[in-house]
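What follows is one structure encoded as structure tokens, with my remarks underneath.
Just the heavy atoms: all of them, side chains too, but no hydrogens, waters or symmetry mates, feed the values below. No experiment lies behind these values; they were computed from the predicted model shown.
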Amino acid sequence: MKKTAFYGLFLALALICSYIESLIPFYFGIPGVKLGLTNIVVILMLYYMGAKSAFLISMLRILLAGLLFGNLFSILYSLAGGVFSFLCMLLLKRTGRFKIISISAAGGAAHNLAQITVAAAVVENRNLFLYYPLLLAAGVVTGILIGAAAQEILLRLPPDLMNKENL
């Protein structure tokens, strides 16, 4: 299969995950917390296709999902969270010291930190950072769940298509 076909497939999967999250209110008792289903696609891309491809699909998904299911503020928050989370996961992966579940958990925490930083800047209120410990806990828990799901998917992909040593 050509690389462009994989891009289209992963972008479609990411948009489907975004759409599902926009329809189903994953309410964990903490406002603003989401499961982060699209992060499964980003992690799969990171391990399966490489950093450049994963970043491209992540950014395209954020822009398209924001236009389709959100608004300009959701795009702003998602871009901040997506970029910071991706960079964090990429750096941890490149060290070779962390497993996929830990990388995903760190990505969830980084995503929430970036979003709360943007929110505090937009509303000009640093007190929003008092909310971060709850978001941190939620980001780590959902990151662990998403990382475990991504790990299981990657373990089941054909062995000639990826390097399972990264798991």
Side-chain angles (χ1 to χ4, degrees), residues 1-22 34-119 121 135-136 138-140 142-167:
M1 186 181 280
K2 292 186 176 186
K3 200 173 194 178
T4 54
F6 276 113
Y7 287 171
L9 176 67
F10 280 111
L11 180 58
L13 287 171
L15 286 170
I16 290 167
C17 289
S18 290
Y19 182 64
I20 289 170
E21 277 198 332
S22 75
K34 288 185 181 181
L35 187 54
L37 290 175
T38 57
N39 202 39
I40 291 175
V41 177
V42 174
I43 292 170
L44 291 174
M45 287 286 299
L46 185 59
Y47 279 84
Y48 193 72
M49 301 282 292
K52 290 178 185 177
S53 299
F55 187 74
L56 173 67
I57 295 304
S58 181
M59 295 301 105
L60 285 172
R61 192 272 315 161
I62 288 168
L63 292 172
L64 289 172
L67 293 171
L68 292 170
F69 318 122
N71 55 45
L72 289 178
F73 282 110
S74 66
I75 293 172
L76 176 67
Y77 294 131
S78 292
L79 277 173
V83 169
F84 190 57
S85 173
F86 182 82
L87 291 175
C88 179
M89 291 190 299
L90 178 62
L91 291 173
L92 291 176
K93 181 182 181 291
R94 285 191 175 167
T95 68
R97 300 171 130 187
F98 299 94
K99 300 291 183 188
I100 194 168
I101 293 174
S102 302
I103 291 169
S104 178
H111 191 276
N112 288 343
L113 178 60
Q115 286 193 329
I116 200 121
T117 301
V118 169
L135 289 178
L136 174 65
V140 169
T142 58
I144 289 169
L145 295 172
I146 294 302
Q151 178 174 295
E152 290 302 313
I153 292 168
L154 286 170
L155 288 171
R156 285 160 177 73
L157 289 175
D160 59 331
L161 294 177
M162 63 165 292
N163 181 1
K164 289 187 179 183
E165 292 174 4
N166 289 324
L167 298 178

Residue pair Y19 / L68, side-chain heavy-atom distance below 4.5 Å:
no
CG of L15 to CG of L64, rounded to nearest 0.5 Å, is 5.5 Å
Looking at every heavy atom in both T38 and S18, which two are closest together, and how far apart are they?
CG2-OG, 3.1 Å
Roughly how far, to the nearest 0.5 Å, is the CZ atom of F55 from the CE atom of M89?
11.0 Å
Calculate, to the nearest 0.5 Å, the distance between atoms CD1 and OG belonging to I103 and S85 respectively.
11.0 Å
What distance do T142 atom OG1 and L35 atom CG have between them, rounded to the nearest 0.5 Å?
6.5 Å
Taken in chain and number order and not counting sequence neighbours, the residues that satisfy side-chain hydrogen bond (donor to acceptor under 3.5 Å, both in side chains) with S53 are Y7
Rounded to the nearest 0.5 Å, how far apart are CG of N112 and CG of L136?
8.0 Å
Donor-acceptor under 3.5 Å (S74 side chain, N71 main chain):
yes
Donor-acceptor pair, S58 side chain versus A54 backbone, under 3.5 Å?
no
Okay, side chain of T117, backbone of L113: is any donor-acceptor separation there less than 3.5 Å?
yes
The criterion is ring pair (Phe, Tyr, Trp, His ring centres under 6.0 Å); which residues satisfy it with Y77, sequence neighbours excluded?
none
Between the main-chain N or O of A80 and the side-chain N or O of Q115, is there a donor-acceptor pair closer than 3.5 Å?
no
CG-CD1 distance between L154 and I100, expressed to the nearest 0.5 angstrom:
4.5 Å
Verify, without hydrogens or angle tests, whether S104 (side chain) and I101 (backbone) share a donor-acceptor contact under 3.5 angstrom.
no
Main chain of L37, side chain of E21: is a donor-acceptor contact present, judged purely on distance under 3.5 Å?
yes
Nearest heavy atoms of L92 and A106, plus distance in Å:
CD1-CB, 3.3 Å
Looking at every non-hydrogen atom in both residues, tell me the closest pair between I40 and A149 and how far apart they are.
CD1-CB, 3.9 Å
